[in-house]
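The structure appears below as structure tokens.
Throughout, a chain's letter reflects where its sequence line sits, starting with A, and its residues are numbered from 1.
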Amino acid sequence: MKVLVPVKRVIDYNVKVRVKADGSGVDLANVKMSMNPFDEIAVEEAIRLKEAGKADEIVVVSIGVKQSQETLRTALAMGADRAILVTAADDVHTDIEPLAVAKTLAKIVEEEAPGLVICGKQAIDNDMNATGQMLSALLGWGQATFASELEIDGDAAKVTREVDGGLQTISVKLPAVITADLRLNEPRYASLPNIMKAKKKPLDEKTAADYGVDTAPRLTIVKTGEPAAREAGIKVGSVDELVAKLKEAGAV
Amino acid sequence: MAVLLIAEVAGGALAVDATAKALTAAKAMGDVTILVAGEGVADAGAAAATLDGAAKVLVADDAAYGHDLAENLADLVLSMAGDYSHIVAPSTATAKNAMPRIAALLDVMILSDVSGVVDADTFERPIYAGNAIQTVKSGDATKVITIRTSTFDAAGQGGSAAVESISGAGDKGLSSWVEDKLAESDRPELTSAGIVVSGGRGVGSEENFAMIEKLADKLNAAVGASRAAVDSGFAPNDWQVGQTGKVVAPELYVAVGISGAIQHLAGMKDSKVIVAINKDEEAPIFQVADFGLVADLFEAVPELTEKL
């Protein structure tokens, strides 16, 4: 079975986000970028399926700016077999919306015919939590989102999902789209020899136009601002003082 | 403008708090019809009809909708979508699963986790784990929206909307339910509790979390946890508060042994009063806390439990 994993290049999760003073967005120029953490989990899960003999090829795809090539190389260094880069924007500040990403991925799925697509559940930049569900819809496939356990069982996948009250296990017919939550696995680090080897793995370069997908945004960004700041309060010296303050504030 | 609000149903019953908060947001967009989909949901439909501001309630009672499978729910909503300009749901796990699917089937973008309604086309939503708030205007024919419930007040009771039964296409057969492992608890539900007591990595172990639970029970509070505590196995996943977990805004939030990573703050900084107990006085949690206590939590928490 072939497994397809879409990956996104996003601001590194350790970098402090700075909102531009003119309200036009978040400053991404000269900022460290990395693979979206949820996508790393998705790549890791695909690699584990291959190591367990359940998958035979892992194709990673990234749709965005040309620099997403670095993100794909990271996935190849982790253990993916080949990569497809779809250039859809020139400016690093342009975010391709999940609907356009899903439409492009749907075309790639038609060509590649994977048995399974594993996505990260959400990107830590736009926090939409949408691409996997949208792709599944466009393909007419089943979906299993927010996965914390995945077991391939013949022509179905048994997936344990993180839901509001705890965990839900469902069985989804393959091919399907699965989205990875935090507890699915702990992604490996790429070793130096694997990073060197990844440079020689195949990476196909395409554009959104090659797939005939219109990536024009449906949502117009009116402005991007700072969240309302919360002022720090006071430090109390003892539990007694804390109890007194809470009573004074009417909080208990 | 006609708005379809998808009610949150849990275990066959209406999740009143989440639905009533999303209703407040939905009312700002137009006349609201509430859809209650599930199995054995006649009572849930009746409960939805009493919410203040619902014009009509549609009940789809079918085993196909009993386990929140996205494919079946999406097809049901799609079959009726033509009558509405807005399709809205609270940002629960069920809605986060199904709503983007509905949006894609309608060829429109999703507006996830909306925290403010500017007008019927323009919405505010947090991005970058709440480090920025983006205002976006949708040009799509149908707006598909999930609501961050912590920023809206719940609609009141006293409504008496007409209830109508509807039927959908039933089970698509793409996925099937196997089992639920849901926590049984007498404590208030995390996202609607008036008080939340949360523990972090500093709590140290699953056994030590009993101390957090004891304080919570004294206050009749829900129990939360940081991602670090959940990842370390101290607490179950459904307790996680933060950008990728649950977003809460109780009257009182007590953070114990939580350093205050940005993604945790995104999930609780709208709380009315925040208390932080941490032995590290430099911990970022103190920057948002109304009352900070620099102390060893193993001494402070039992003492606080006793004295409250």
Start with the C-alpha distance between B:N97 and A:Q133, add both sets of side-chain angles, then the distance that settles side-chain hydrogen bond (donor to acceptor under 3.5 Å, both in side chains), and finish with yes or no.
CA-CA 7 Å; B:N97 187 27; A:Q133 296 91 315; 5.3 Å; no
Go through the atoms of [X] and report whether side chain, backbone, both or neither lie under 4.5 Å from a heavy atom of chain B.
X	result
A:A251	both
A:I124	backbone
A:F38	side chain
A:E231	backbone
A:R18	neither
A:V236	both
A:I11	side chain
A:I221	both
A:V26	side chain

Heavy-atom contact with chain A under 4.5 Å, split by part of [X]:
X	answer
B:I110	both
B:V275	side chain
B:A295	neither
B:L190	neither
B:I274	both
B:N131	both
B:E179	both
B:A74	neither
B:L111	side chain
B:L252	side chain
B:E8	side chain
B:T191	neither
B:Q240	side chain

Top contributor to chain B contacts, counting heavy-atom pairs under 4.5 Å, from [options]:
options	answer
A:P217, A:G142, A:S171	A:S171
A:V10, A:V163, A:V19	A:V163
A:K245, A:R183, A:E97	A:R183
A:G237, A:A130, A:G225	A:G225
A:L246, A:V172, A:V222	A:V222
A:E241, A:K247, A:R161	A:R161

Check: [Y] main-chain N/O paired with [X] side-chain donor or acceptor under 3.5 Å:
X	Y	answer
A:E226	B:A132	no
B:K181	A:T160	no
A:R230	B:K269	yes
B:R125	A:N126	yes

Find out whether [X] and [Y] are in side-chain contact, i.e. whether some heavy atom of one side chain is under 4.5 Å from a heavy atom of the other.
X	Y	value
A:F146	B:K96	yes
B:V136	A:T220	no
A:V243	B:L308	yes
B:F291	A:I234	yes
A:K235	B:V294	yes
A:R218	B:K137	no
B:I127	A:T224	yes
A:K223	B:Q134	no

Would you say [atom1] of [X] has more than 12 non-hydrogen atoms from neighbouring residues, nucleotides or ligands within 6.0 angstrom?
X	atom1	answer
B:K279	NZ	no
A:K20	NZ	yes
A:D155	CG	no
A:E149	CD	no
B:K272	NZ	no
A:K107	NZ	no

[X] side, atom [atom1]; [Y] side, atom [atom2] - distance, nearest 0.5 Å:
X	Y	atom1	atom2	value
B:I262	A:K16	CD1	NZ	5.0 Å
A:S238	B:K307	OG	NZ	7.0 Å
A:Q168	B:D180	CD	CG	5.0 Å

Counting heavy-atom pairs under 4.5 Å with chain A, which one of B:E251, B:E299, B:R227, B:E281 comes out on top?
B:R227
Taking every non-hydrogen pair under 4.5 Å, which of B:D140, B:V301, B:L304 racks up the most with chain A?
B:D140
Give the minimum heavy-atom separation between [X] and [Y], together with the two atoms involved.
X	Y	result
A:K173	B:G173	NZ-O, 3.1 Å
A:I170	B:L69	CG2-CD2, 3.9 Å
B:M109	A:P98	CE-CD, 3.7 Å
B:Y128	A:V17	CD2-CG2, 3.7 Å
B:L182	A:L167	CD2-O, 4.0 Å
B:D238	A:D164	CB-O, 3.2 Å

Hey, are [Y] and [X] close enough side-chain-wise for a donor-acceptor pair under 3.5 Å?
X	Y	answer
B:R101	A:S136	yes
B:S112	A:N129	no
B:Q243	A:D127	yes

Lys/Arg N to Asp/Glu carboxylate O, B:D107 vs A:K103, below 4.0 Å
yes
